[in-house]
Asks: 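Quick one: the structure is below, questions incoming.
Per chain, numbering begins at 1; letters A, B, ... match sequence-line order.
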Protein chains: 2
Amino acid sequence: MATVDRRGPYICGIDAAMDVVTGKWKSLILWELHSHGTRRFGELRRGLPGVSEKMLIQHLREMEQDGLVHREVYREVPPKVEYSLTEHGVSLNAALEALGDWGAERIRRIGADTVHIDASQDTAIAGSHSGNRVSPSRR
Amino acid sequence: MATVDRRGPYICGIDAAMDVVTGKWKSLILWELHSHGTRRFGELRRGLPGVSEKMLIQHLREMEQDGLVHREVYREVPPKVEYSLTEHGVSLNAALEALGDWGAERIRRIGADTVHIDASQDTAIAGSHSGNRVSPSRR
DNA sequence: TGCGGTACTCACCTTCCGGTAAGTGCCAAG
DNA sequence: CTTGGCACTTACCGGAAGGTGAGTACCGCA
């Protein structure tokens with residue numbers, strides 16, 4: 001049905017937005033799609049080091065259901081699927097910018113390590129201060 | 001130990017901001033504190049129907065550690081603790097407004113249930129953010 | 001002939017988030 | 001003298017989020 005069932009009654013707008021954004025990789029997918037316009041599954045996977053295929057697909061499917069990303073399948077000999085942002089995805093990204101800025105300032109404030117992925121190719125640079133080392137997991 | 005060693009290396013600003021906001025009640029706490037300025041523990045608990053004391057405290061502690069809320073303890077006969085937003089909490093709230101607006105529009109779009117229960121009593125400053133008083137259950 | 005790449009699906013497991021319920025020390029009210 | 005409010009703390013538990021590793025159908029390249 002049009003109305004997605006798993007998204008429950010919301011308390012407020014933030015609640016509704018968070019529901020769509022929460023997921024370990026969703027904001028990153030949003031960003032990746034935003035900066036590249038259109039990406040294939042494999043490109044996305046390589047662009048988000050550490051993501052498992054299962055999670056990538058799961059998030060992508062949810063985001064498609066939520067109307068954030070568009071999925072274009074090309075029935076070719078080697079399968080080809082292209083993902084891109086819908087207008088809602090684009091506007092969500094815009095709404096996230098303020099939050100991103102806040103977070104960036106927070107990173108500066110607390111001097112946390114930053115892991116920069118992406119850029120265009122595989123630039124695994126890191127950090128602002130001293131060491132980086134992509135230590136496993138947080139939280 | 002009580003100290004959750006989150007705040008790991010961040011991938012980007014959004015990541016850092018999300019780290020601070022994720023938690024079932026955090027954004028609501030933020031709004032509650034935003035609209036009332038200062039609230040006692042019990043007031044907060046009553047203001048967020050459905051929250052358990054454990055979760056409220058846990059979130060409050062994390063937010064205090066993250067520099068979002070200020071905790072003022074009054075060593076009195078009946079214990080009294082007041083919570084309020086720090087300047088960082090205030091700015092985070094501001095950064096969340098765009099997201100809140102987006103979410104509000106999404107709610108309108110998909111016609112999801114919103115849990116509006118008239119906040120008859122109490123001061124409801126409510127800008128773009130509306131209502132509280134809810135029964136849980138989403139997702 | 002076998003490996004690698006495409007885009008997945010499926011089953012199983014672990015970790016963590018959040019919930020429930022009880023207890024704490026102190027005091028006022030009934 | 002029991003109850004209730006204050007602001008917590010502690011122990012235990014279930015479910016969901018996320019991770020791992022295998023398998024699938026097809027093809028190009030070495």
Asks: Can you list everything that forms a ring pair (Phe, Tyr, Trp, His ring centres under 6.0 Å) with A/His34? Sequence neighbours excluded, please.
Replies: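 Partners of A/His34 by the ring pair (Phe, Tyr, Trp, His ring centres under 6.0 Å) criterion, ordered by chain and then number, come out as A/Trp31.
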Asks: Can you tell me how far P of D/dC8 sits from CZ of B/Arg75, to the nearest Å?
Replies: 11 Å
Asks: Rounded to whole angstrom units, what separation is found between the CD1 atom of A/Ile29 and the C1' atom of D/dG18?
Replies: 13 Å
Asks: Would you tabulate the pairs of protein nitrogen or oxygen atoms and nucleotide nitrogen or oxygen atoms of nucleotides 2-8 of chain C closer than 3.5 angstrom?
Replies:
from	atom 1	to	atom 2	distance (Å)
C/dT6	OP2	A/Arg46	NH1	3.4
C/dT6	O3'	A/Arg40	NH2	2.9
C/dT6	O3'	A/Pro79	O	3.1
C/dA7	OP1	A/Arg40	NE	3.0
C/dA7	OP1	A/Arg40	NH2	3.1
C/dA7	OP2	A/Gly42	N	2.9
C/dC8	OP1	A/Arg61	NH2	3.1
C/dC8	OP1	A/Arg71	NH2	2.3
C/dC8	OP2	A/Tyr83	OH	2.8
C/dC8	N4	A/Glu53	OE1	2.2

Asks: Considering residues, nucleotides and ligands other than B/Glu76, do more than 12 of their heavy atoms fall under 6.0 Å from its CD?
Replies: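 Check passes, neighbour count above 12.
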Asks: When the distance from CD of B/Glu64 to C1' of D/dC8 is rounded to whole Å, what number comes out?
Replies: 13 Å
Asks: Would you say C/dG18 has OP1 or OP2 under 4.0 Å from some side-chain N or O of B/His59?
Replies: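 True: B/His59 side-chain N/O within range (under 4.0 Å) of C/dG18 OP1/OP2.
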Asks: Using the test salt bridge (Lys or Arg N to Asp or Glu O under 4.0 Å), find all partners of A/Lys54 that sit at least two apart in sequence or belong to another chain.
Replies: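 So A/Lys54 forms no salt bridge (Lys or Arg N to Asp or Glu O under 4.0 Å) with any residue.
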Asks: B/Glu82: what forms a salt bridge (Lys or Arg N to Asp or Glu O under 4.0 Å) with it, not counting sequence neighbours?
Replies: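 Only B/Lys80 meet the salt bridge (Lys or Arg N to Asp or Glu O under 4.0 Å) criterion with B/Glu82.
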Asks: If I take atom CD in residue A/Gln58 and atom P in nucleotide C/dC10, what distance separates them, rounded to the nearest angstrom?
Replies: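 From A/Gln58 CD to C/dC10 P: 13 Å.
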Asks: Nearest-Å distance, CH2 (A/Trp25) to P (D/dA17)?
Replies: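 About 17 Å, once rounded to whole Å.
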Asks: When the distance from CE of A/Met55 to C1' of C/dC12 is rounded to whole Å, what number comes out?
Replies: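 Checked: the CE to C1' distance equals 14 Å.
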Asks: Whole Å only: how far is the NZ atom of B/Lys24 from the C1' atom of C/dC16?
Replies: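 Spelled out: NZ on B/Lys24 to C1' on C/dC16 is 15 Å.
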Asks: Taking salt bridge (Lys or Arg N to Asp or Glu O under 4.0 Å) as the definition, give me every residue that meets it alongside A/Arg45, ordered by chain and number, with sequence neighbours left out.
Replies: A/Glu53
Asks: Mind calculating the distance between NZ (A/Lys54) and P (D/dG23) to the nearest angstrom?
Replies: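 Between P of D/dG23 and NZ of A/Lys54: 18 Å.
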Asks: What residues, two or more places apart in sequence or in another chain, satisfy salt bridge (Lys or Arg N to Asp or Glu O under 4.0 Å) together with A/Glu97?
Replies: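 For A/Glu97 there are no salt bridge (Lys or Arg N to Asp or Glu O under 4.0 Å) partners, ignoring immediate neighbours.
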